[in-house]
Amino acid sequence: MNTKTIVLGAAALTLAVASVPATASAGDYSKHQFGAKLTDNVQPSNSLPAKACDEMDPAELCTFVMNEAYGRPNEGHKSSQKGKLKKVKIVSGGATDFRLQLVKAKYEGGEWQAKVKEQGPWLQTTGQSQWNWDNDDYKVEKYKVNMKIKKGWRLAMQTSSTSAVRCSNGGDNTLKFAPQLHSGWGWQTASDTSGCYPLLEGKVKYKK
């Protein structure tokens with residue numbers, strides 16, 4: 001093989017490598033947390049017995065929508081980024097099962113309204129043991145998910161009852177929708193509000 005052939009071959013190889021599209025590296029992405037700021041010091045106070053949608057009908061479903069984030073004020077209950085919700089953390093007083101939902105909410109005409117933007121998986125928590133209560137050292141349960149999320153969306157629980165709450169103040173920290181919110185429905189009006197904080201935290205992966 002002569003020198004001219006070698007030079008031409010090297011040039012072709014360089015062109016081929018240059019034409020391969022670049023893939024995003026790990027450094028192109030960042031992570032953002034929103035919702036309650038959860039640690040093993042966050043007590044699910046007054047969460048037992050679980051907060052039912054309807055005390056007269058234990059099977060009745062509703063949706064609890066986060067309206068204030070415990071430990072993360074100033075709009076911390078909303079995602080500030082568009083990306084993928086990759087993980088949720090939960091502190092629950094007792095065993096709780098619910099469908100994770102991502103919703104958009106607004107206050108209009110003196111009423112809170114919301115609609116489901118993404119329907120997530122059913123999650124089950126085991127809650128706290130007596131040791132956790134006795135030692136003020138609370139279990140933070142973690143779950144992997146993979147849900148599309150946009151800026152301004154909130155965490156919500158579709159369930160019949162929940163103990164993933166901290167009930168210590170008044171206000172409208174939680175919006176309650178009964179009947180439950182469904183994917184594909186338009187704006188629905190909240191049936192009630194609660195002073196309990198939902199103890200859910202989300203981690204969003206987004207492109208810089």
Side-chain angles (χ1 to χ4, degrees), residues 6-42 63-92 96-107 113-126 138-159 162 164 166 173-175 181-187 197-208:
I6 293 173
V7 170
L8 289 174
L13 180 60
T14 301
L15 181 62
V17 171
S19 67
V20 176
T23 57
S25 66
D28 294 327
Y29 290 89
S30 189
K31 294 178 181 178
H32 148 70
Q33 277 121 346
F34 73 108
K37 192 171 184 179
L38 299 181
T39 69
D40 56 12
N41 293 317
V42 175
T63 297
F64 296 107
V65 177
M66 185 179 293
N67 200 39
E68 292 288 343
Y70 180 77
R72 193 174 271 129
N74 303 320
E75 301 292 293
H77 60 295
K78 301 177 186 179
S79 175
S80 66
Q81 301 292 337
K82 173 184 177 181
K84 287 282 189 179
L85 178 65
K86 303 298 289 184
K87 183 184 291 185
V88 289
K89 297 180 181 179
I90 305 163
V91 173
S92 178
T96 291
D97 68 288
F98 65 93
R99 180 187 287 278
L100 180 66
Q101 295 180 314
L102 294 176
V103 308
K104 190 174 182 178
K106 64 181 180 179
Y107 189 72
Q113 298 181 338
K115 61 180 177 180
V116 175
K117 302 302 292 184
E118 285 290 320
Q119 194 90 301
W122 282 94
L123 302 176
Q124 294 182 321
T125 71
T126 58
Y138 301 100
K139 184 192 307 179
V140 181
E141 300 182 63
K142 303 173 184 179
Y143 301 85
K144 291 181 179 180
V145 296
N146 188 34
M147 299 171 66
K148 179 181 73 175
I149 191 168
K150 291 186 178 181
K151 183 178 179 179
W153 291 6
R154 312 173 182 212
L155 298 165
M157 297 179 282
Q158 183 193 85
T159 184
T162 182
R166 178 183 173 90
N173 302 326
T174 298
L175 308 176
L181 297 178
H182 285 277
S183 181
W185 284 10
W187 292 102
Y197 289 99
L199 295 183
L200 281 77
E201 181 178 28
K203 179 178 283 188
V204 175
K205 183 178 181 181
Y206 64 96
K207 193 170 183 179
K208 293 181 180 179

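With Glu118 as reference, Lys148 is the one residue of Arg154, Lys150, Lys148 to meet the salt bridge (charged side-chain N to carboxylate O under 4.0 Å, His left out) rule.
Around the NZ atom of Lys106, the shell of radius 6.0 Å holds more than 12 heavy atoms that belong to other residues, nucleotides or ligands. Summarising the local packing, NZ of Lys104 is surrounded by 12 or fewer heavy atoms from other residues, nucleotides or ligands at distances under 6.0 Å.
Leu199 contributes atom CG, which lies 8.0 Å from atom CE of Met157 (distance to the nearest 0.5 angstrom). Note: His77 NE2 to Thr174 OG1 = 11.0 Å, rounded to the nearest 0.5 Å. Atom CD of Gln81 and atom CD1 of Ile149 lie 10.0 Å apart (nearest 0.5 Å).
Among pairs with a residue in residues 65-84, those fulfilling salt bridge (Lys or Arg N to Asp or Glu O under 4.0 Å) read Arg72-Glu201, Glu75-Lys78, at least two apart in sequence or across chains.
Residue Asp97 comes nearest to Thr159 through the heavy atom pair O-OG1, 2.9 Å, listed as atom of the first residue, atom of the second, then distance. Contact detail for Leu155 and Gly202: the closest heavy-atom pair is CD1-N, 3.8 Å. Here the shortest heavy-atom pairing between Lys115 and Gly186 reads CB-O, 3.6 Å.
Evaluation of the side chain to side chain contact (heavy atoms under 4.5 Å, CB included) rule for Thr96 yields Ser92, Phe98, Thr125, Thr162, Ser163 as partners, not counting sequence neighbours. Applying the side-chain hydrogen bond (donor to acceptor under 3.5 Å, both in side chains) criterion to Ser79, with sequence neighbours excluded, gives no partner residue. Looking at residues two or more places apart in sequence or on another chain, you find a side-chain hydrogen bond (donor to acceptor under 3.5 Å, both in side chains) between Glu141 and Thr126, Tyr143. Here Ser80 pairs with His32 under the side chain to side chain contact (heavy atoms under 4.5 Å, CB included) rule; sequence neighbours left out. Looking at residues two or more places apart in sequence or on another chain, you find a side-chain hydrogen bond (donor to acceptor under 3.5 Å, both in side chains) between Thr63 and Gln101. Partners of Tyr107 under the side-chain hydrogen bond (donor to acceptor under 3.5 Å, both in side chains) rule, at least two apart in sequence or in another chain, do not exist in this structure. Residues forming a ring-ring contact (aromatic ring centres under 6.0 Å, His included) with Trp187 (at least two apart in sequence, or on another chain): none. Tyr206 pairs by the ring-ring contact (aromatic ring centres under 6.0 Å, His included) definition with nothing, not counting sequence neighbours.
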Could you give the side-chain donor-acceptor pairs of residues 34-42 under 3.5 Å, partners two or more places apart or in another chain?
from  : atom 1 : to    : atom 2 : distance (Å)
Thr39 : OG1    : Asn41 : N      : 3.1

Derivation and outcome, side chain to side chain contact (heavy atoms under 4.5 Å, CB included), residues Leu175 and Val103: CA-CA 11 Å; Leu175 308 176; Val103 308; over 6 Å; no
Side chain to side chain contact (heavy atoms under 4.5 Å, CB included) between Asn67 and Asn173, intermediate numbers included: CA-CA 5 Å; Asn67 200 39; Asn173 302 326; 5.7 Å; no
Criterion side chain to side chain contact (heavy atoms under 4.5 Å, CB included) on Met66 and Tyr197, from CA distance to verdict: CA-CA 7 Å; Met66 185 179 293; Tyr197 289 99; over 6 Å; no
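Between Lys86 and Asn146 the shortest side-chain heavy-atom distance falls below 4.5 Å.
A donor-acceptor pair under 3.5 Å is absent between the side-chain atoms of Gln119 and the main chain of His182, judged by distance alone.
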